[in-house]
Amino acid sequence: MSPQTCYLRTLAIIAVVGTFAGCELREPQRFQFPAMGTLVSVSIYGAPEETASAAVRELESLLTELEHEWRSTGDGALGRANTALAEQARATIDDDLSLLIEDAMALSEQSGGLFDPSLGELIRLWGFDDSAVDDHVVPDETAIGNLLGDTSSLSLEENVLIATRSGVRIDLGAYAKGVALKRAVELLKAAGIPNAIVNMGGDLKGYGRAGDRPWRVGVRHPRDSGVLAGIELGNEESVVTSGDYERYFELDGKRYHHILDPRSGYPAADTISVTVIHEDAARADAAATALFVAGPESWPEVADALGITHVLFVGVDGTIQMTTPMSERVAFEETGEALDIKVREL
Ligand code: AMP
Ligand code: MG
C-alpha cells in the first residue's frame, strides 16, 4: 500500500476509532452479537475497519445458521433428526451433521462415556434443553432411571443414525460451541483477518496476536463475577470452561445444574468448574464437560485419555487442582483470598 493510500485510509478509520499507528490500529476492534445461545464477542487486530465489519457480519450469519442447524429441537438438521429418532428410531442426516456426530461419538468413547451426546432426553427431563423452562423441578427418580443407558445405544453408518433403545435424543450443547469456534476462526482467516479472538460466553479461540502482545483472556471465577485467573493465549489456542454457574436452579438450598453425570442421571456433584486449553476447540469443549463429570479424583485419567494436557479444575469445596503445564500458564488474580492449589500429574 502506498504511503498516501495508507494515510487516506487511516483518516477514514480515525473518524470511527480514534487511535492509530501508521496504517494499523493500536487497539483491537471489538464486536458483539447474540448467537449460539450466548453473547459472542469478536476482537480483531490489524485489519481495516471495513474488512473487519464485513467479516463479522459474515460470521454472525454463519453462527446464526449453525445455531439453527444444531439445536436439539425445531426444524434444523439436528431437530429433524431427533424427531425422526423419536418416531422411527432412525434418521437420515446430511454429511455435515454426520461428521459432527461421528466426531462427537468418538470423543464420547475416549471420555469413557462421561461426555455423552445421546443424553438429550435426560437433559430435557431436567429442563436444561433448548426449550429452557422457567419452573424447574427435580425429576422423578424412576423417570431418570428409565433414561440411563450408554452411547452404544446409538450407531451411525453412512449418514443413518440408529437408536437401539427408546429415549435416545441427541444434544450437542456440550460440544457445538467448540466446533463453532473452529469454524469461526476458519471464516475470519478466509476473510483476510490477520489476528482475532472469538469469545462465545467464556469459551474462546484466538489466532495471531493483539499487535506486539499475545491475546490475554480471563477465566471467570466460578463463585463471583470477577476473574479467577488470566491466561496469555498462544497462536491457535482455545480456552474452554464448563461451569455449574452457567445454567442451574435452586430448590431447598440445593443447586441443580446443567452438567449431568450419565452414570447417575443427576447433576455431577463434586465439581464447580473445569477449564482446559487445547488447540482443537471442539475437543476442548467435549473434554471440559467430561472432566467436570469425572470429578476431583478421576479427572486426570480422563484428561489423559482425551489428550488434554492443560487443565484447571475447581472442586465443590473450592480447592483448585491443575496439571503442571497449566500451572505454567495461569496467573491467579490477587484477591487477598488464600487459594488452596494442588498440582497433579496426568
Ligand atoms: P458445557 O457447558 O460445554 O459443559 O455443556 C453443557 C451442556 O451440555 C448442557 O446444557 C447440556 O445441554 C449438555 N450436557 C449436560 N451433561 C452432559 C454430558 N454428560 N455429556 C454431554 N452433554 C451434556
Ligand atoms: Mg463442553
Side-chain angles (χ1 to χ4, degrees), residues 36-38 67 70-73 78-79 82 100-101 103-133 136 139 144 147-151 153-154 168-182 199-205 219-220 222 238-249 255-278 280-295 298-299 302-303 306 308 311 313-314:
M36 302 300 293
T38 187
E67 181 178 6
W70 298 346
R71 273 175 83 91
S72 61
T73 53
L78 183 59
N82 276 332
L100 193 74
I101 294 178
D103 288 349
M105 285 168 73
L107 286 164
S108 177
E109 204 174 318
Q110 288 168 35
S111 77
L114 300 183
F115 158 68
D116 181 352
S118 71
L119 279 189
E121 206 53 54
L122 185 70
I123 292 164
R124 188 150 82 157
L125 184 68
W126 278 95
F128 291 127
D129 63 335
D130 299 326
S131 57
V133 293
H136 286 276
I144 291 175
L147 291 176
L148 300 186
D150 57 25
T151 39
S153 40
L154 185 70
V168 175
R169 189 183 163 75
I170 298 174
D171 181 299
L172 296 174
Y175 177 63
K177 272 199 257 172
V179 184
L181 280 172
K182 284 170 78 169
N199 185 338
M200 293 186 193
D203 294 345
L204 49 94
K205 181 169 171 72
V219 176
R220 185 183 149 164
S238 49
V239 177
V240 175
T241 301
S242 278
D244 72 350
Y245 49 81
E246 285 170 31
R247 267 171 122 175
Y248 65 92
F249 61 93
R255 179 186 295 233
Y256 296 91
H257 63 77
H258 67 143
I259 304 175
L260 304 177
D261 187 333
R263 298 165 296 191
S264 66
Y266 284 81
D270 301 321
T271 312
I272 60 178
S273 81
V274 174
T275 299
V276 307
I277 309 178
H278 195 272
D280 180 342
R283 176 171 291 267
D285 196 356
T289 308
L291 302 190
F292 188 110
V293 175
S298 44
W299 68 262
V302 183
L306 284 162
I308 302 288
V311 181
F313 181 102
V314 186

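When a residue number appears, it is its place in the shown sequence, counting from 1. Heavy-atom basis, side chains included; hydrogens, waters and symmetry copies ignored. Each ligand, and each atom within it, is numbered from 1 in the order the structure gives.
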One finds that the ligand 1 atoms under 4.0 Å from a non-hydrogen atom of Ser242 are 1 (P), 2 (O), 3 (O), 4 (O)
Would one find an N or O of Leu260, backbone or side chain, under 3.5 Å from an N or O of ligand 1?
-> yes
Would you say the side chain of Phe115 lies within less than 4.5 Å of the side chain of Asp285, judging by non-hydrogen atoms?
-> no
Atom 10 (O) of ligand 1: nearest protein contact (heavy atom, Å) = His258 ND1, 2.9 Å
Give a rough value, rounded to 10 degrees, for the angle at the Mg ion (ligand 2) between atoms OG1 of Thr289 and O of Ala174.
-> 100°
Residue Asp285, metal the Mg ion (ligand 2), N/O/S under 2.8 Å = yes
Do His136 and Phe128 have side-chain heavy atoms sitting under 4.5 Å apart?
-> yes
Closest heavy-atom approach to atom 3 (O) of ligand 1 among Val240, Asp285, Asp116, Leu114 is made by Asp285
Should you measure from each heavy atom of Asp171, which atoms of ligand 1 turn up under 4.0 Å away?
-> 11 (C), 12 (O), 13 (C)
Flag the pair Asp244 / Thr271 as yes when at least one side-chain heavy-atom distance between them is below 4.5 Å, and no otherwise.
-> no
Going by heavy atoms in the side chains, are Lys177 and Val240 under 4.5 Å from each other?
-> no
Nearest neighbour in protein (non-hydrogen) for atom 18 (C) of ligand 1 | Leu119 CD1, 3.5 Å
Atom 5 (O) of ligand 1 sits nearest the protein heavy atom Ala174 CA, 3.2 Å
Paired with Thr289, the side-chain contact (heavy atoms from CB on, under 4.5 Å) test is passed by just one of Leu114, Leu260, Ile259, Leu107, namely Ile259
Validation row: Trp70, Val179 side chains within 4.5 angstrom (heavy atoms) | yes
Identified side-chain contact (heavy atoms from CB on, under 4.5 Å) counterpart of Arg169 within the set Leu122, Leu78, Leu147, Thr73 | Thr73
Describe, in one word, how the ring planes of Trp126 and Phe249 are oriented to each other, choosing from parallel (under 30°), tilted (30 to 60°) and perpendicular (over 60°).
-> tilted
Of the backbone atoms (N, CA, C, O) and the side-chain heavy atoms from C-beta on, which set of Glu246 has a member under 4.0 Å from an atom of ligand 1: side chain, backbone, both, or neither?
-> side chain
Region of Ile123 engaging ligand 1 - heavy atom pairs below 4.0 Å | side chain
